[in-house]
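Note on naming: letters A, B, ... go to the chains in the order of the sequence lines (proteins, then strands), and numbering restarts at 1 for each one. Here the structure is a predicted model, which is why all the values come from computation and not from measurement.
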Protein chains: 2
Amino acid sequence: MKPSYTRIKDYLIEQIEQGAFAPGDRIPAENTLAKEFGVSRMTANKAIRDLVHQGMLMRRTGSGTYVVELKAESSLFEIKNIADEIRARGGVHSSDVNRLEEVRALGDVAIFLGVQTGSRVFYSEIVHRENGVKIQLERRHVNPRLAPDYLEQDFESQTPNAILVARYPVTDVEHSVEAVHPSPQEAALLDISEREACLKVIRRSWSGELLISYTQLLHPGSRYKLNARFHTGSL
Amino acid sequence: MKPSYTRIKDYLIEQIEQGAFAPGDRIPAENTLAKEFGVSRMTANKAIRDLVHQGMLMRRTGSGTYVVELKAESSLFEIKNIADEIRARGGVHSSDVNRLEEVRALGDVAIFLGVQTGSRVFYSEIVHRENGVKIQLERRHVNPRLAPDYLEQDFESQTPNAILVARYPVTDVEHSVEAVHPSPQEAALLDISEREACLKVIRRSWSGELLISYTQLLHPGSRYKLNARFHTGSL
DNA sequence: TAGTGGTCTAGACCACCCC
DNA sequence: GGGTGGTCTAGACCACTAA
């Protein structure tokens, strides 16, 4: 038998998801809910308390219990691709494929991709725009064994990330983040000054033991901010 | 008049901090605590529930309530303090306490700390050095209710982070990262040019639902890089 | 002043864990 | 079987908010 507070929780969640209780709205009082569901006030209290704890509701003594306003928390460090991230913010994503070819892995790239220096790897270079504004230069090296047809994909309609993630479940990601100034080439690609501070993110992703890709992301400092939130506790 | 469940909470926190209840230990049962403190079981329950929610205790139905094992820092983006980070690299950490005072929370600070605009909060401003080189300007606002003696700590021997983490298990962290140029004041504090790209990290940390601190970290781009690795899969 | 959440009581029954 | 937490009741008093 399910605890009876779950009936109240489920009801509230449903109303909120359907929009019957919109963000900022006040929900029925503890006493009201208790009466309607035929339980004691402490039981209604537990249902509400759980949802407050979950971040869905907030309470004000003497005033009422309210549906929390949407938190604008955008993408974290997770494997979300930039197109989704932009759409989630309500923006329009577009991109230009600048280069798409097979290259020889040299230096850092070979080391980080874990292949022999000089071996052939796939390379894509794409500029991503949010509402027409260039916000990311993505340069990606892909292990060709894992995605033999990588170069034949349609990158105008899908991002490289989406293509790879669809095929290989990403189990590990490593990031390094630093502030740099762009090279003249990079500045030109992003239409910014060489003087502008940029956020450079280097990402390596694995599927199990396999290193899938090595990616450099360059963002104009004035146009982009990274967000990440972690929950590490036991609740 | 303080609610009576706080007496039980305070007692438990004290015992845990003093080591009387060590990680992994079972604490007295709800009934026992209720009897000893002369309250009803529901009241003892609320005290325990709060500490579970805060991540300090964990419960097992039918077995008991246990002190949570301290999770050593996950190697993520986490709560590692910069002194440990530097030492882990084999470097020598030192720091200068630049400011240490009570200030009024204004604007962003009040919003992000979740306190009333104009209310008093603790503020510390510290420059951290690795092998003598300045690599981080740390500006931290602390919720005074959570650490009333914050300003009396010895920040030359401990970092603010270490002090706070020792007291409150951090369950949630939120970061935002961007590339910026330093203000003239910031440049002076870090001995860098105003032209240098800097990594600006804003971090908020929670213990359960309590917002502990709001911290701004500024790093010279040429001297610092952030690293993070996540394991996300089931593989 | 009426309504709301915050706290509290003194019981109760149950499922679960461990002995 | 005895102890533990999970849930639940039917009341209660209080501080705070809003009208």
Side-chain angles (χ1 to χ4, degrees), chain A residues 1-13 15-16 21-69 233-235, chain B residues 1-13 15-16 21-69 114-117 119 145 208-210:
Chain A
M1 185 54 180
K2 270 201 315 186
S4 50
Y5 68 82
T6 58
R7 280 173 38 230
I8 304 184
K9 269 174 77 168
D10 291 346
Y11 164 76
L12 291 173
I13 290 171
Q15 297 300 305
I16 291 168
F21 299 151
D25 281 3
R26 196 175 74 174
I27 67 163
E30 279 186 7
N31 270 317
T32 312
L33 287 170
K35 224 169 276 177
E36 281 177 5
F37 283 85
V39 299
S40 79
R41 189 181 148 208
M42 284 298 277
T43 301
N45 179 282
K46 162 128 179 90
I48 292 173
R49 201 199 306 138
D50 279 5
L51 294 180
V52 168
H53 179 229
Q54 202 175 306
M56 193 173 282
L57 299 175
M58 60 166 289
R59 317 197 79 177
R60 271 195 294 233
T61 306
S63 170
T65 303
Y66 301 83
V67 178
V68 136
E69 309 280 350
S234 43
L235 262 194
Chain B
M1 184 55 180
K2 273 202 311 187
S4 52
Y5 68 82
T6 59
R7 281 173 39 231
I8 303 184
K9 268 175 80 168
D10 291 347
Y11 163 76
L12 291 173
I13 291 171
Q15 296 299 306
I16 290 168
F21 299 152
D25 280 3
R26 196 176 75 175
I27 68 163
E30 279 186 7
N31 269 316
T32 311
L33 287 170
K35 225 169 275 176
E36 281 176 5
F37 283 84
V39 299
S40 80
R41 188 180 150 207
M42 285 298 276
T43 301
N45 178 281
K46 161 124 178 96
I48 293 172
R49 202 199 306 138
D50 280 5
L51 295 180
V52 168
H53 178 220
Q54 214 173 90
M56 195 174 282
L57 298 175
M58 61 166 289
R59 317 197 79 177
R60 272 194 293 232
T61 306
S63 169
T65 304
Y66 300 83
V67 179
V68 145
E69 313 274 353
V115 299
Q116 289 260 312
T117 300
S119 62
R145 284 184 307 172
E209 77 258 319
L210 304 172

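- Looking at residues two or more places apart in sequence or on another chain, you find no salt bridge (charged side-chain N to carboxylate O under 4.0 Å, His left out) involving A:Arg26.
- Of the residues in residues 5-13 of chain A, none has a non-hydrogen atom less than 4.0 angstrom from any atom of DNA chain C.
- Applying the salt bridge (charged side-chain N to carboxylate O under 4.0 Å, His left out) test to B:Arg7 and every residue at least two apart in sequence or in another chain returns nothing.
- The side chain to side chain donor-acceptor pair (under 3.5 Å) check on B:Tyr5 picks up nothing, with sequence neighbours excluded.
- For A:Thr61, the side chain to side chain donor-acceptor pair (under 3.5 Å) test picks out no residue, with sequence neighbours left out.
- In this structure, the side chains of B:Thr65 and B:Leu51 stay at 4.5 Å or more apart for every pair of heavy atoms.
- In this view, B:Asn31 satisfies the side chain to side chain donor-acceptor pair (under 3.5 Å) rule with no residue, not counting sequence neighbours.
- When the side chain to side chain donor-acceptor pair (under 3.5 Å) test is applied to A:Thr43, the partners found at least two apart in sequence or on another chain are A:Ser40.
- Non-hydrogen atoms lying under 4.0 Å from DNA chain C are contributed by A:Ala29, A:Glu30, A:Arg41, all within residues 27-41 of chain A.
- B:Arg49 pairs by the salt bridge (charged side-chain N to carboxylate O under 4.0 Å, His left out) definition with nothing, not counting sequence neighbours.
- Running 5' to 3' along DNA chain C, contacts with non-hydrogen atoms of chain A at under 4.0 Å begin and end at C:dG3 to C:dC8.
- Here the CZ atom belonging to B:Arg41 is positioned 10.5 Å from the OG1 atom belonging to B:Thr32, to the nearest 0.5 angstrom.
- Taking 4.5 Å as the limit, every side-chain heavy atom of B:Val39 sits out of range of all side-chain heavy atoms of B:Lys46.
- Nearest heavy-atom pair, B:Glu30 versus B:Ala44, reported as atom, atom and distance to 0.1 Å: O-CB, 3.7 Å.
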Would you tabulate the nitrogen or oxygen pairs shorter than 3.5 Å linking the protein to nucleotides 15-19 of chain D?
unit_1: D:dT17; atom_1: O4'; unit_2: A:Gly62; atom_2: O; d: 3.3

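- Rounded to whole Å, atom C1' of D:dG3 lies 13 Å from atom CZ of B:Arg59.
- With sequence neighbours left out, the side-chain contact (heavy atoms from CB on, under 4.5 Å) criterion links A:Ile16 to A:Phe21, A:Met56, A:Leu57, A:Val67.
- For the pair B:Arg26 and A:Lys46, both in contact range of DNA chain D, the more 5′-proximal nearest nucleotide belongs to B:Arg26.
- Within the 4.5 Å cutoff, side-chain heavy atoms of B:Asp10 are placed close to those of B:Lys2.
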